[in-house]
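Per chain, numbering begins at 1; letters A, B, ... match sequence-line order. All heavy atoms count here, side chains included; hydrogens, waters and symmetry mates do not.
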Number of protein chains: 2
Amino acid sequence: MTRRVKDVTDTARRVGTGVRDGVKDLVSSEDGRASRWDEHREARRAELVEAAVAAIDEHGPGASIAQVSASAGVSRPVLYRYFADKDDLYRAVGAWGAQQVIDGLLPVLLTDTPIRERVEKGCEVYLRLIAAHPHVFFLLVEHPTTDDPLADGKEMVAATIARTLGDVLRDLGLDAAGAEPWAHGLVGLGLSTGEWWLRRRTMSRAAVSRYLSSFVWHAFEGIASEHGVVVDRQGKLRLVAE
Amino acid sequence: MTRRVKDVTDTARRVGTGVRDGVKDLVSSEDGRASRWDEHREARRAELVEAAVAAIDEHGPGASIAQVSASAGVSRPVLYRYFADKDDLYRAVGAWGAQQVIDGLLPVLLTDTPIRERVEKGCEVYLRLIAAHPHVFFLLVEHPTTDDPLADGKEMVAATIARTLGDVLRDLGLDAAGAEPWAHGLVGLGLSTGEWWLRRRTMSRAAVSRYLSSFVWHAFEGIASEHGVVVDRQGKLRLVAE
DNA sequence: AGTAACTGTTACTTGCCGTAACACTGAGTT
DNA sequence: AACTCAGTGTTACGGCAAGTAACAGTTACT
C-alpha cells in the first residue's frame, strides 16, 4: 500500500486520447460517445467496492487485488480501470464504511430526544454497524489517513462530526474552535474502543456501549457546563448566566 | 506487512542446531559459548531498532527493510537474524515508541498534585513526545494491532493505563470493569487527536493540549461523580455518601 | 460505415520481502 | 593447541503481489 496520494480523476485521464482535452466543455460540442458512460462508471465503481467489501469480509483487511477481482468475477486489470491503484480502491472502501456509519449515526443524533439518550443510542448503533463488517472496520482503522476528507473514511466521519458539533457550539455562542480536535478525538475514541471490543470480545456489546457512551457523555456535559451550558430536565441544552 | 503473528523467540530457534534442545537448562551443563551472547542480542536488537527509528524519521512510516538496514550500516539479511520479519521489526519500533510515551507519562500521572493538573501536564508531555518523531508515531497509529500487549505499541500503552486506572477505581471501591474499554478509548482519543494535530498543524500545541485535556478531564470527573466520587478543593478524589 | 469509449483477456515488468549458501572471527571447551 | 559454537557479514537467488502493455471484441453515438 503506497502512501502516494493520487488525484482521483486519474482514472479518467488514463484513458483519454489527449485530443479532446482542449476546448471541450462547451455545451453543444459534447460528444455523446464520451458522456454516455459517465453514470455507468459511478455505478461500476460502486459495484466493485461492494466486491471489495465481500473479499475483505472473507480474507481480512489484507485482501489482495487478486482476491478482490476474483470476488468481482473479473480479472485484475479491470480494477485498474476504475481505481488508480490499490490504495485508491481501499480508500473507496473506507469511504463506503464511513458512509455506513454516518448514515446510521446522523438520524440518531439529530432527533430531539434528550441528548444523553441520543449519545447512548448512537454508541449502540455504531457498535452494531462495525460488528457487521469487522474486517472492513479494521481496514479503516489501519488505513493511513490522507488529508482529503472526501476520500478517507476516518476524515469523513470526523468532518461530519466536526461540522455538527461546531454548529451546536456556535448556536450556544461558545468557542467553536474545539470542534475539530474534539471530533477527531471522538473518532479515535470510537475506533479504538471498537477495535478492542471486536478483537477481544470479552464484553457484551451492551456493556461496551454503556462504558463508551458514558465516556462521551460526561466529556460533553462537563465541557458544556464549564462554559455555562447545562442540560435541563428535558435533556435539552440551556445557556445559564455564569 | 504480513498479519501473521510470530513467536518472538523464533530468532533463537532459527539458528539452533536442534541437538541441544533436550535436557538443557540444568545449571552446570550450560555451554558458555551459547550463553555469552544472550545480553549481546538484546543490545544489538535495541541498536537496530534505533536505526529503524532513524530510517523512519527520514523516509516515513513506509520505510523499507533496505532503508532500515542502510541506516544501520549493514546488509538486509542481518536484520533477519534479530527480527523474524518486517512486521516483527516494526512491532519492536512500536514498542519503543510506546515505551517513550509510558516513560514520559507515568511520572507525571503519579505525582500528587491535583488531578486535573496531572491530566493537563500529561497531555502536554504526550504531544511533545509524538512531535519529536511524527513518522514513528504514524507508524504506530497505522500498524495493525496484535493481541499481545507486550509486542504492540498501542496495547502496551493501553494496558498500562488500564492497570493504573483499574487500581484507582478499585481503591475507591468502584466497578473496575470499565478500566479496559476506557483505557483503550483513551489511547484512541490520544492517537487521533495527535494524528490530526501533526498532519494539519493548524493549531498550537498548547491549544490542542487544552482541548484534549479538557475532554479527558471532564470524562473522568463526570464518570467519577456519577458514582459518588468527587474531586475536593485539593484536587484529590473523595468518596461521598450517595 | 466509422469510431470513441468501453468490455475483457494473457503476459510481462518491477519492487520488495525473505532465504540460501558461503566465508570469516573469536571466545569457550576439551 | 585444536576444535566448535554462535556469532559477524556478504552476494545472489526465489517468490509474491502490484501495476502495465498489448491486443481483441462489443455497443451506441456521429
Side-chain angles (χ1 to χ4, degrees), chain A residues 1-4 6 10-21 24 28-45 47-48 52 55 59-70 72-90, chain B residues 1-4 6 10-21 24 28-45 47-48 52 55 59 62-70 72-90:
Chain A
M1 184 94 48
T2 63
R3 169 157 300 273
R4 174 172 55 114
K6 259 201 170 176
D10 270 8
T11 316
R13 255 201 285 288
R14 264 186 315 130
V15 167
T17 57
V19 177
R20 39 187 286 280
D21 275 358
K24 186 64 224 325
S28 53
S29 72
E30 289 266 326
D31 188 331
R33 287 174 294 190
S35 55
R36 91 180 151 111
W37 297 101
D38 291 354
E39 84 218 12
H40 172 66
R41 291 192 66 82
E42 263 314 298
R44 198 74 205 283
R45 238 179 105 100
E47 181 184 314
L48 291 174
H59 300 106
S64 71
I65 287 283
Q67 288 168 326
V68 172
S69 58
V74 297
S75 62
R76 285 181 299 116
V78 173
L79 286 180
Y80 290 101
R81 291 218 222 284
Y82 298 94
F83 301 93
D85 53 12
K86 187 179 183 180
D87 199 56
D88 189 24
L89 169 58
Y90 277 35
Chain B
M1 183 94 48
T2 63
R3 170 158 299 272
R4 173 172 56 115
K6 258 201 171 177
D10 268 9
T11 316
R13 255 201 284 287
R14 265 185 314 131
V15 168
T17 57
V19 178
R20 37 187 286 282
D21 275 358
K24 185 63 225 323
S28 54
S29 73
E30 288 267 326
D31 187 332
R33 285 173 296 188
S35 56
R36 94 181 149 109
W37 296 101
D38 290 355
E39 83 217 13
H40 172 67
R41 289 192 68 81
E42 262 315 296
R44 198 72 204 284
R45 238 179 106 99
E47 181 184 314
L48 291 175
H59 300 105
S64 71
I65 287 283
Q67 287 167 326
V68 172
S69 58
V74 297
S75 62
R76 285 183 298 115
V78 173
L79 287 180
Y80 290 101
R81 292 218 222 286
Y82 298 93
F83 301 93
D85 53 13
K86 188 180 183 180
D87 199 56
D88 188 26
L89 169 58
Y90 277 34

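dG19(D) atom P lies 10 Å from atom CG of L89(A), rounded to whole Å. L79(B) has its CG atom 12 Å from the C1' atom of dC17(C), to the nearest Å. D85(B) places its CG atom 19 Å from the P atom of dG15(D), with the value rounded to the nearest Å. The distance between atom CD1 of I65(A) and atom C1' of dA18(D), rounded to the nearest whole Å, is 8 Å. Distance OH (Y80(B)) to P (dC13(D)): 18 Å, rounded to an integer number of Å. Taking atom CZ on R45(B) and atom P on dG7(D), their separation rounds to 13 Å, with Å as the unit. When rounded to the nearest whole Å, the span between CZ of R41(B) and C1' of dG7(D) equals 9 Å. Y90(B) has its OH atom 12 Å from the P atom of dC16(C), to the nearest Å.
You'll find that the side chain of P77(B) is closest to dA20(C), out of dG19(D), dC17(C), dA20(C). Here the nucleotide nearest the side chain of R76(A), chosen from dA17(D), dG19(D), dG18(C), is dG19(D). Distance from the side chain of S75(A) is smallest to dT10(C) among dA18(D), dT10(C), dC17(C).
Listed here is the closest heavy atom pair of Y82(A) and L48(A): CD1-CD1, 3.5 Å. Scanning both residues, F83(A) and D88(A), for their nearest heavy atoms gives CA-OD2, 3.4 Å.
Side chain of R76(B) to backbone of A66(B): no donor-acceptor contact under 3.5 angstrom is found.
Inter-residue side-chain proximity for R41(B) and R44(B) is flagged as unmet; no heavy-atom pair is nearer than 4.5 Å.
Between R44(A) and dT7(C) there is a side-chain N or O to OP1 or OP2 distance below 4.0 Å.
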